[in-house]
Visitor: 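Below you'll find the structure I mean.
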Amino acid sequence: MDLSSINPVLLVASLMVAATPIMLAAIGELVVERAGVLNLGVEGMMITGAICGFIVAVNTGSPWLGFIGAAIGGAILSLLFGVLTQLLLSNQVATGLALTLFGLGLSALMGQGYIGIKAPAFPDWDVPLLSDIPVIGPIVFQHDPMVYVGIFLVAAVWAFLKYSRAGLVLRAVGENHEAAHALGYHVIRVRLLAIMFGGACAGLGGAYLSLVRVPQWTEGMTAGAGWIALAIVVFASWRPWRLLLGAYLFGGVTVLQLNLQAAGAAIGVAYLSMAPYLATIAVLVIMRAGRAPGSLGQSFHASR
Amino acid sequence: MILLEKRPQPSRVWTFATPVLAVVLTMIFGGVLFAALGNNPFETIRTIFLDPLFSEFAWFYRPQILIKGAPLVLIAIGLSFGFRAGIWNIGAEGQYIIGALCGAAVGLAFYPTESFIIFPLMVIAGALGGWAWAMIPGFLRVKFGTNEILVSLMLVYVAEQLLSSMALGAMRNPDGVGMPGSRNLTQYPSATSWINESAGMHWGVVFAFIAVIFAYIALSRHIFGFQVRLSGQSPRAAKFAGVNPARLILICMGLSGALAGLAGLFEVAGPASQVSINFNVGYGFTAIIVAFLGRLHPVGIVLAAGLMALTYIGGEIAQSNLGLPGAAIQLLQGMLLFFLLAVDVLTNYRIRLKREGLT
């Protein structure tokens with residue numbers, strides 16, 4: 001094994017790229033869970049977003065339109081979950097699983113004619129001057145725009161939850177839906193909007209995989225990224241800044257094992273590929289999760 | 001304005017009617033989907049749901065229902081206990097793989113010795129393998145309070161990697177001229193799970209029926225079934241009734257893991273015939289649909305597994321005869337679970353039409 005072939009600057013730079021899809025999906029799920037809804041369908045929404053974004057980007061030639069298409073696709077799929085759990089009061093765990101199974105089938109069907117095609121190029125953004133700084137330049141300022149969109153979304157969600165009135169309402173609905181309802185807030189409406197935001201973010205995360213990171217369409221390409229995003233929300237104790245940390249941690253594990261594979265480590269490829277999943281389990285065990293939102297996973301039905 | 005009014009008790013009629021309604025809705029919307037894909041909807045629906053049973057080649061397809069249905073029944077029976085008690089083992093697919101690996105490892109270790117004891121040992125190894133793999137999330141949940149959904153699911157991906165490393169490495173057929181995959185277990189009389197291949201009978205079918213009977217008795221007549229049902233309906237009441245939640249989690253996880261492991265072993269030593277990179281075809285996930293479609297009841301699960309097996313076989317027929325994409329069947333199965341969850345509202349709620357302004 002040749003460890004010297006691993007360039008630490010490139011490693012950290014690719015870590016930021018590897019973390020982005022998980023970060024995007026996780027920040028959406030964080031908002032959903034803060035509103036008191038447990039949507040286990042992240043994986044299904046991500047893969048649907050991946051194929052929606054890919055189809056739009058290939059047909060229009062514009063990755064940006066692809067990302068918009070992915071967000072819309074993810075949001076529409078999540079609305080299915082929203083209608084079932086919020087209006088028809090179905091079990092959220094079971095419905096989330098159904099969404100994942102459904103999304104995997106749907107994406108495979110939609111993506112049939114798109115296997116083996118290359119996505120249109122999504123050029124990196126070289127921030128002028130700043131990207132020329134040694135070490136920090138390549139790590140922080142030479143990425144494609146979605147990396148910054150992800151970080152911006154985390155910051156925006158943090159500010160929204162902490163400082164805005166709407167964020168307060170959302171948290172109230174998540175902590176105690178009965179009380180929020182008694183105060184006159186529309187629990188179902190808030191939750192539906194949160195679910196759609198989560199779907200859109202998961203769609204973006206999926207599209208980042210199919211348009212930037214791979215960049216191709218293959219069936220089942222998310223390979224558990226949606227589930228890892230769910231784990232990161234728990235790891236982050238439902239707080240946006242810790243989510244950023246969690247996403248980078250997992251990005252780091254993923255990139256490191258890929259680099260070790262490329263460097264020809266003595267451990268088998270299959271065992272290295274297990275690393276992100278084992279790291280997820282280890283983190284779930286070590287990190288005692290903070291307090292979950294009070295009404296997480298419970299159906300709300302206003303009885304009168 | 002449409003209002004939902006909670007029923008004091010779940011409706012008995014709708015408990016039985018909702019799965020049927022869900023299947024009918026799936027057929028209708030599935031037909032629309034097939035029409036959109038350019039297939040004749042009526043022909044496609046008939047091919048998927050009726051041809052395996054009544055076409056001129058039905059003698060070939062009917063045994064397939066047993067083959068596809070048995071693992072689904074075994075896994076879904078195990079899952080149903082946990083799901084009733086609010087313990088979500090989502091990683092049956094991983095337990096299925098590990099069960100198959102452990103069982104096959106025992107069989108391959110004895111090759112080419114012939115003895116009646118080999119197959120029983122493989123069965124035990126398969127059950128233990130699945131059990132151990134399920135105990136990881138169970139133990140972590142009990143000891144550290146980690147979420148069993150996420151851990152069991154992560155272990156599916158770990159198991160898949162382990163499977164590929166085994167199929168390409170330790171368990172590779174030494175006489176296989178470098179081909180991936182293990183020795184063919186069906187050509188090793190002491191290790192095969194077939195009883196009668198042309199009739200679709202293998203030991204998994206037998207075990208599935210035994211599991212159904214045991215599950216039925218356990219749920220309706222045994223204190224364990226009572227505790228499971230009570231924990232699902234009211235965890236607080238269960239605590240007062242002296243149910244030990246940690247023990248219940250470990251039992252439910254272990255039981256579902258062992259049954260999934262058994263299903264994997266019977267599959268690998270029979271229909272799949274060898275350990276190969278992708279011998280698992282998602283039974284562990286489809287079994288989740290089966291468990292819900294069967295209303296978490298043993299008899300219901302048998303019927304639901306039969307229906308799911310039908311869609312698998314019919315889907316293959318439609319794929320080869322009508323050119324229907326394979327993913328459409330996966331979508332159809334997901335759709336079925338969606339409709340089931342959607343119409344389930346009728347079981348617990350009454351729909352009331354109310355004029356606006358009256359409160």
Side-chain angles (χ1 to χ4, degrees), chain A residues 38 40 43-44 80-81 83-85 87-112 219 223-224 226-228 230-231 234 268-281 283-289 299 301-304, chain B residues 2-6 33 37 83 86 88 90 136-137 140 143-147 149-151 153-166 168-169 282 285-286 288-289 291-292 325-346 348-349 359:
Chain A
L38 181 65
L40 291 180
E43 179 86 3
L80 209 58
F81 173 87
V83 168
L84 251 70
T85 56
L87 301 180
L88 298 176
L89 305 161
S90 64
N91 179 314
Q92 292 181 6
V93 174
T95 313
L97 287 171
L99 194 70
T100 292
L101 296 173
F102 183 79
L104 288 170
L106 182 69
S107 63
L109 192 63
M110 287 171 75
Q112 276 188 332
E219 261 179 48
W227 295 102
I228 292 181
L230 276 161
V234 177
V269 171
Y271 294 96
L272 282 172
S273 307
M274 288 177 195
Y277 308 111
L278 291 176
T280 309
I281 295 173
V283 157
L284 282 173
V285 171
I286 297 163
M287 292 295 305
R288 277 309 174 98
S299 294
H301 179 235
S303 48
R304 44 187 92 201
Chain B
I2 303 166
L3 280 178
L4 292 174
E5 189 182 277
K6 197 159 174 59
L33 171 78
L37 288 170
F83 287 0
W88 301 94
I90 305 303
I136 301 171
L140 294 179
K143 197 79 188 160
F144 301 102
T146 50
N147 184 319
I149 299 177
L150 293 172
V151 175
L153 207 109
M154 289 294 130
L155 287 173
V156 174
Y157 294 99
V158 175
E160 278 176 352
Q161 295 296 337
L162 203 63
L163 172 68
S164 75
S165 101
M166 285 296 157
L168 299 171
F285 293 114
T286 313
I288 297 170
I289 306 180
F292 279 111
I329 297 303
Q330 209 184 339
L331 192 63
L332 196 75
Q333 293 176 345
M335 214 189 255
L336 179 58
L337 182 50
F338 258 134
F339 279 122
L340 186 74
L341 293 164
V343 292
D344 216 21
V345 70
L346 297 168
N348 293 313
Y349 294 87
T359 34

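Residue numbering restarts at 1 for every chain, and letters A, B, ... go by the order of the sequence lines.
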Visitor: Going from CD1 on B:Ile289 to CE on B:Met335, what distance comes out if it is rounded to the nearest 0.5 angstrom?
Guide: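 B:Ile289 CD1 to B:Met335 CE: 12.0 Å, rounded to 0.5 Å.
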Visitor: When only pairs under 4.5 Å are counted, which of A:Tyr271, A:Phe81, A:Trp227 shares the most heavy-atom pairs with chain B?
Guide: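 Most heavy-atom pairs under 4.5 Å with chain B: A:Trp227.
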Visitor: What part of A:Leu84 gets closer than 4.5 Å to chain B, counting heavy atoms only: side chain, backbone, both or neither?
Guide: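 The answer is the side chain of A:Leu84.
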Visitor: With rounding to the nearest 0.5 angstrom, report the CD to CG distance, A:Glu43 to A:Leu97.
Guide: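 It is 11.5 Å, given to the nearest 0.5 Å.
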Visitor: Can you name the nearest heavy-atom pair linking A:Gln112 to B:Pro325, along with the distance?
Guide: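 Smallest interatomic distance, heavy atoms only, reads NE2-CB, 2.6 Å.
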Visitor: Using non-hydrogen atoms only, which part of B:Ile288 is less than 4.5 Å away from chain A: side chain, backbone, both, or neither?
Guide: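 Looking at B:Ile288, just its side chain touches chain A.
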Visitor: Check whether B:Leu332 gets within reach of chain A through its side chain, its backbone, both or neither, counting any heavy atom under 4.5 Å.
Guide: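 Neither; nothing under 4.5 Å.
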Visitor: Between A:Leu230, A:Val93, A:Thr95, which has the largest tally of heavy atom pairs under 4.5 Å with chain B?
Guide: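 The candidate making the most pairs under 4.5 Å is A:Val93.
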Visitor: Hey, does B:Gln333 have a side-chain heavy atom less than 4.5 Å from the side chain of B:Leu337?
Guide: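 Not touching, per the 4.5 Å side-chain cut-off.
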Visitor: Under a 4.5 Å cut-off applied to non-hydrogen side-chain atoms, are B:Tyr157 and A:Met274 in contact?
Guide: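 B:Tyr157 vs A:Met274: side chains apart.
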Visitor: Among B:Val343, B:Val156, B:Leu140, B:Ile136, which residue forms the greatest number of heavy-atom pairs with chain A at distances under 4.5 Å?
Guide: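 Of the candidates given, the most pairs with chain A belong to B:Leu140.
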Visitor: Considering all heavy atoms of both residues, which atom of B:Gln330 and which atom of A:Ala108 are nearest to each other, and what is their separation?
Guide: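 Nearest pair, atom of B:Gln330 first, then A:Ala108: OE1-CB, 4.5 Å.
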Visitor: Heavy-atom distances under 4.5 Å only: say whether B:Ile149 touches chain A with side chain, backbone, both or neither.
Guide: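 For B:Ile149, the contact with chain A is made by the side chain alone.
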Visitor: B:Ile90 versus chain A, heavy atoms under 4.5 Å apart: side chain, backbone, both or neither?
Guide: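 Just the side chain, heavy atoms under 4.5 Å.
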Visitor: Find the one option among B:Leu331, B:Val345, B:Leu33 whose heavy-atom pairs under 4.5 Å with chain A are most numerous.
Guide: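 Max contact count across the listed options: B:Leu331.
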Visitor: Looking at B:Leu37 and B:Ala328, what are the two nearest heavy atoms and their distance?
Guide: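 Here B:Leu37 and B:Ala328 meet closest at CD1-CB, 4.2 Å.
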Visitor: Which region of B:Leu162, side chain (C-beta onward) or backbone (N, CA, C, O), has a non-hydrogen atom less than 4.5 Å from a non-hydrogen atom of chain A, or is it both or neither?
Guide: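 Backbone plus side chain of B:Leu162, per the 4.5 Å heavy-atom cut-off to chain A.
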Visitor: Would a 4.5 Å heavy-atom cut-off, applied to side chains only, mark A:Leu89 and A:Ser299 as touching?
Guide: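 The answer is yes; the side chains approach within 4.5 Å.
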Visitor: Given heavy-atom pairs under 4.5 angstrom as the criterion, report whether the side chain, backbone, both or neither of A:Thr280 touches chain B.
Guide: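 Looking at A:Thr280, just its side chain touches chain B.
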Visitor: Non-hydrogen atoms of chain A under 4.5 Å away: do they reach the side chain of B:Tyr349, the backbone, both or neither?
Guide: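 The side chain, not the backbone.
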Visitor: Which of the residues A:Leu278, A:Leu109, A:Ile228 is involved in the greatest number of heavy-atom pairs with chain B at under 4.5 angstrom?
Guide: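 Of the candidates given, the most pairs with chain B belong to A:Leu109.
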Visitor: Of all of A:Leu88, A:Leu40, A:Val83, which one pairs up most often with chain B through heavy atoms under 4.5 Å apart?
Guide: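 That would be A:Leu88.
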Visitor: What do the steps show when you test B:Phe285 against A:Leu104 for side-chain contact (heavy atoms from CB on, under 4.5 Å), and what is the final call?
Guide: CA-CA 12 Å; B:Phe285 293 114; A:Leu104 288 170; over 6 Å; no
Visitor: Which region of B:Phe292, side chain (C-beta onward) or backbone (N, CA, C, O), has a non-hydrogen atom less than 4.5 Å from a non-hydrogen atom of chain A, or is it both or neither?
Guide: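 Only the side chain of B:Phe292 comes within 4.5 Å of chain A.
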Visitor: Nearest 0.5 Å please: distance from the CG atom of A:Leu38 over to the CG atom of B:Asn147.
Guide: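 Spacing of CG (A:Leu38) from CG (B:Asn147) equals 8.0 Å.
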